[in-house]
Protein chains: 2
Amino acid sequence: MEEISEKKKAIFESALKLVQKCGFHGTPMSMIAKNANVAAGTLYLYFESKDELLTALFNYNKKKVETAVDQYLNDETSYKEQFFKIWLHLYKFYITNTEVLKYFEQYINSPYNVERNPLHFRGKLYEFLDKGIKNNQFFMSRTEMLRINPKSWGVVISSIDS
Amino acid sequence: MEEISEKKKAIFESALKLVQKCGFHGTPMSMIAKNANVAAGTLYLYFESKDELLTALFNYNKKKVETAVDQYLNDETSYKEQFFKIWLHLYKFYITNTEVLKYFEQYINSPYNVERNPLHFRGKLYEFLDKGIKNNQFFMSRTEMLRINPKSWGVVISSIDS
DNA sequence: GTGGAGTGAATGAACGTTCAGTCATAAAGC
DNA sequence: GCTTTATGACTGAACGTTCATTCACTCCAC
């Protein structure tokens with residue numbers, strides 16, 4: 001995780017809290033600024049535009065999640081064990097950072113999300129799931145469902161276990 | 001399903017298509033009007049405000065889904081059989097009406113959604129799932145996951161089957 | 001001719017963005 | 001050490017645009 005200035009962090013925190021509550025359209029830049037104790041103009045020293053701010057906030061938190069999870073991806077333990085560990089930590093992360101998950105859901109279903117991809121459609125986690133699917137680790141007909149929503153994983157776990 | 005005027009239907013169709021593509025903020029009333037071949041003012045003969053239009057559109061489509069599914073809820077067949085049938089028809093509905101599902105996802109994660117409830121948290125379908133949970137029809141630890149997303153149901157089905 | 005449906009230009013508020021100006025601190029000159 | 005000059009982060013009022021909403025008007029069925 002690259003280090004970011006305190007001010008930028010304050011802006012991120014302010015935006016996360018507000019957008020999660022009021023939505024993208026419902027949170028003017030002036031409000032983000034006020035809540036972060038900076039002037040409106042300051043936002044534009046750190047970000048090119050509102051769009052860029054909101055996209056940066058998404059990527060910032062996405063990276064946070066990824067680093068919280070990627071450490072459990074290794075070939076030293078069984079696939080099943082890795083799967084459980086990752087799910088557990090993803091679950092924990094989202095439970096303790098509900099505002100992050102809420103922001104993700106807002107962002108993903110908004111026009112800001114240009115890629116139009118679900119949350120974990122890139123990176124190591126994606127590769128891990130993909131490998132599992134190819135190696136028949138999952139017993140289900142429509143494996144693409146795995147990548148829909150971390151919340152669904154609980155169901156998958158029962159499936160694997162039975 | 002109560003009958004609605006052709007004009008209202010045209011407005012709904014226009015809004016559905018545009019919002020799904022451009023998002024709530026990205027679709028001005030003027031655009032909805034133009035796309036429906038009516039004047040901007042006409043929208044206000046049928047709806048009180050933009051908010052009301054978008055909420056009405058949500059409820060309109062929700063009712064559509066519900067009537068498409070509720071007919072399969074009856075006590076004449078086994079729980080399992082009902083579950084399969086409902087899932088199949090929900091799935092079919094969303095596959096043939098992708099823009100409806102996309103609109104739902106946008107709406108549910110927007111500040112317009114005052115109830116802050118997932119999609120099928122009310123009505124007969126909810127009661128059906130609730131009954132199944134209480135009667136131990138599902139073998140999983142976190143049954144509330146059932147109500148998250150119709151797409152996840154495929155996973156649940158494998159779970160029931162195994 | 002009256003009533004009601006429909007129109008679309010006009011209105012005004014909200015908001016993203018800009019930029020001239022402030023101020024604290026650092027560097028340079030004496 | 002003290003004064004002057006330069007720097008650039010930061011500010012917030014002002015600007016221009018975008019849009020939801022309105023309303024004076026037209027059109028048409030009866």
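Basis for what follows: all heavy atoms, side chains included, without hydrogens, waters or symmetry-related copies. Order of the sequence lines fixes the chain letters, A, B, ..., with proteins taken first and strands second; residue numbering starts at 1 for each chain.
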Across all chains, not counting sequence neighbours, the side-chain contact (heavy atoms from CB on, under 4.5 Å) partners of A:Glu52 are A:Phe47, A:Glu48, A:Ser49
Give me the ring orientation class for A:Phe58 and A:Phe104: parallel if the planes are under 30° apart, tilted from 30 to 60°, perpendicular past 60°. perpendicular
Value for OH (A:Tyr60) from CG (A:Leu53), rounded to nearest 0.5 Å, stands at 12.5 Å
Report each atom pair, protein N/O against N/O of nucleotides 12-16 of chain C, whose distance is under 3.5 angstrom.
from   : atom 1 : to      : atom 2 : distance (Å)
C:dG16 : OP1    : A:Lys50 : NZ     : 2.5
C:dG16 : OP2    : A:Met29 : N      : 2.6

Please identify each residue that fulfils side-chain contact (heavy atoms from CB on, under 4.5 Å) with B:Asp70, with sequence neighbours left out. B:Glu66, B:Leu73, B:Lys124
Nearest-Å distance, CE (B:Met31) to C1' (D:dC19)? 11 Å
B:Thr77: what forms a side-chain contact (heavy atoms from CB on, under 4.5 Å) with it, not counting sequence neighbours? B:Asn74, B:Glu81, B:Gln82
Listed pairs, N/O of protein and of nucleotides 25-30 of chain D, under 3.5 Å:
none

Roughly how many Å is it from CG in A:Leu43 to C1' in C:dT18, rounded to a whole number? 13 Å
Pair up each side-chain donor or acceptor in residues 10-19 of chain A with any protein partner under 3.5 Å, not counting sequence neighbours, and list the distances.
from    : atom 1 : to      : atom 2 : distance (Å)
A:Ser14 : OG     : A:Ile32 : O      : 2.8
A:Ser14 : OG     : A:Asn35 : OD1    : 3.3

Only pairs at least two apart or in different chains count here, so list each side-chain hydrogen bond (donor to acceptor under 3.5 Å, both in side chains) that has a residue in residues 38-47 of chain A. none
I'd like a list of close polar pairs between nucleotides 9-13 of chain D and the protein, N/O only, cut-off under 3.5 Å.
from   : atom 1 : to      : atom 2 : distance (Å)
D:dC10 : OP1    : A:Lys7  : NZ     : 3.3
D:dC10 : OP2    : A:Tyr46 : OH     : 2.8
D:dT11 : OP2    : A:Ala39 : N      : 2.9
D:dT11 : OP2    : A:Thr42 : OG1    : 2.3
D:dG12 : N7     : A:Gly41 : N      : 3.4

side-chain contact (heavy atoms from CB on, under 4.5 Å) involving B:Tyr72 - partner list, sequence neighbours excluded: B:Lys85, B:Ile86, B:His89
Can you see which heavy atom on A:Phe24 is nearest to which on A:Lys50, and at what distance? O-NZ, 3.0 Å
How close do A:Gln106 and A:Gln20 get, counting heavy atoms only, and between which atoms? NE2-O, 3.6 Å
